[in-house]
Amino acid sequence: MSPTDLADEGTPVSVKIRERLLAARKRFYANDNIADYIEPGELEQLLDEVELKMQHVLDSLIIDTDNDHNTDNTARRVAKMYLNEVFKGRYVHAPTITEFPNAEHLNELMIVGPITVRSACSHHFCPVIGKIWIGVMPNEHTNVIGLSKYARLAEWIMGRPQIQEEAVVQLADLIQLKTQPDGLAIVMEASHYCMAWRGVKDMDSKMINSVMRGVFLKDPNLRREFLSLIPQRS
């Protein structure tokens with residue numbers, strides 16, 4: 001093994017991935033997907049690295065994980081939770097979506113939802129739990145995707161540390177790219193545990209925001225129709 005290989009062998013995998021991103025001049029914010037810069041096998045190495053650093057956090061919190069059966073293996077569980085579940089949308093490519101031509105030339109409003117979504121705020125890593133409604137106004141050139149695929153795309157986008165306003169825009173951009181409709185509307189309503197679990201500890205407050213594109217932005221009657229057809233939110 002050459003001296004370069006030996007040096008590389010001791011380099012944390014997070015550093016290797018970060019160096020690739022910097023070399024490519026790519027952003028790696030909390031809500032960015034970095035899957036293109038992760039090589040095969042590196043996610044498993046990253047899991048080991050995060051586990052080790054999470055153990056250091058537990059040690060700094062003065063938790064006796066050697067003798068406390070409740071926190072034995074907690075570092076590993078937390079690492080798996082972040083990388084394989086709640087932040088998975090950062091580390092894997094977008095789900096494969098089969099698109100079909102609009103053979104019947106459908107051009108009426110279609111609404112999908114409520115889709116339950118789960119994310120985490122990028123400020124405190126506290127859960128964000130909510131629902132999304134998606135309105136699509138297709139045209140004869142629009143690509144048609146299965147209803148479950150909207151949920152898969154939403155899960156991929158939301159599986160990152162997010163703020164709700166940016167998450168809805170990211171999802172709108174992705175659906176717009178995949179389907180090319182005349183209009184797209186998204187409404188999201190969510191509870192933020194950074195407000196309910198800490199801080200002011202308000203358990204009942206929710207955040208609602210929307211993105212309107214194309215004819216939904218230009219036609220107030222269509223926008224009202226979409227909003228009126230959404231079932232009464234909680």
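Positions are given from 1 along the sequence.
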Chemist: Residues two or more places apart in sequence or in another chain: which of them pass side-chain contact (heavy atoms from CB on, under 4.5 Å) with Pro114?
Modeler: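 side-chain contact (heavy atoms from CB on, under 4.5 Å) list for Pro114, sorted by chain: Lys131, Trp133.
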
Chemist: Using a 6.0 Å cut-off, check whether atom CD of Glu155 has over 12 heavy atoms from anything other than its own residue.
Modeler: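 Counting neighbours around CD of Glu155, 12 or fewer heavy atoms of other residues, nucleotides or ligands fall under 6.0 Å, so no.
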
Chemist: Between Gln170 (side chain only) and Asn31 (backbone N and O only), is there a donor and an acceptor less than 3.5 Å apart?
Modeler: yes

Chemist: With sequence neighbours left out, what residues match Arg20 under side-chain contact (heavy atoms from CB on, under 4.5 Å)?
Modeler: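 For Arg20, the residues satisfying side-chain contact (heavy atoms from CB on, under 4.5 Å) (neighbours in sequence not counted) are Lys16, Ile17, Tyr37, Glu39, Glu42.
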
Chemist: Applying salt bridge (Lys or Arg N to Asp or Glu O under 4.0 Å), name anything that partners Arg76, two or more places apart in sequence or on another chain.
Modeler: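 Checked Arg76 against salt bridge (Lys or Arg N to Asp or Glu O under 4.0 Å); matches are Asp48, Glu51.
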
Chemist: List the residues meeting side-chain contact (heavy atoms from CB on, under 4.5 Å) with Val215, not counting sequence neighbours, and say none if there are none.
Modeler: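 For Val215 the side-chain contact (heavy atoms from CB on, under 4.5 Å) partners, ignoring immediate neighbours, are Met137, Asp182, Leu222.
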
Chemist: Tell me whether the count of non-hydrogen atoms from other residues, nucleotides or ligands lying under 6.0 Å of CZ in Arg77 goes above 12.
Modeler: yes

Chemist: Quick one: salt bridge (Lys or Arg N to Asp or Glu O under 4.0 Å) partners of Arg27, sequence neighbours excluded?
Modeler: Asp32

Chemist: Which ILVMFWY residues can you reach from Met195 by hopping between side chains whose heavy atoms are under 4.5 Å apart?
Modeler: Val200

Chemist: Check which hydrophobic residues are tied to Met203 through side-chain heavy-atom contacts below 4.5 Å, counting indirect links as well, and list them.
Modeler: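 Members alongside Met203: none; it stands by itself.
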
Chemist: Quick one: list whatever passes side-chain contact (heavy atoms from CB on, under 4.5 Å) with Ala172, sequence neighbours left out.
Modeler: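 Per chain and number, Ala172 pairs via side-chain contact (heavy atoms from CB on, under 4.5 Å) with Leu184, Ile186, Val211, Arg213.
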
Chemist: Tell me yes or no: between the side chains of Asn221 and Glu225, is some donor less than 3.5 Å from an acceptor?
Modeler: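 Judged by distance alone, the side chains do not pair up.
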
Chemist: Starting from Tyr29 and following side-chain heavy-atom contacts under 4.5 Å between hydrophobic residues (I, L, V, M, F, W, Y), which residues can be reached?
Modeler: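 Result for Tyr29 is none, singleton.
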
Chemist: Just jot down the salt bridge (Lys or Arg N to Asp or Glu O under 4.0 Å) partners of Glu49, sequence neighbours excluded, or say none.
Modeler: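 In terms of salt bridge (Lys or Arg N to Asp or Glu O under 4.0 Å), with neighbours along the sequence ignored, Glu49 is linked to Lys53.
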
Chemist: Which other residues end up in the same hydrophobic cluster as Ile129, if Ile, Leu, Val, Met, Phe, Trp and Tyr are linked when side-chain heavy atoms come under 4.5 Å apart?
Modeler: Tyr193, Trp197

Chemist: Under the side-chain hydrogen bond (donor to acceptor under 3.5 Å, both in side chains) rule, collect the residues that match up with Asn209, sequence neighbours excluded.
Modeler: Gln164

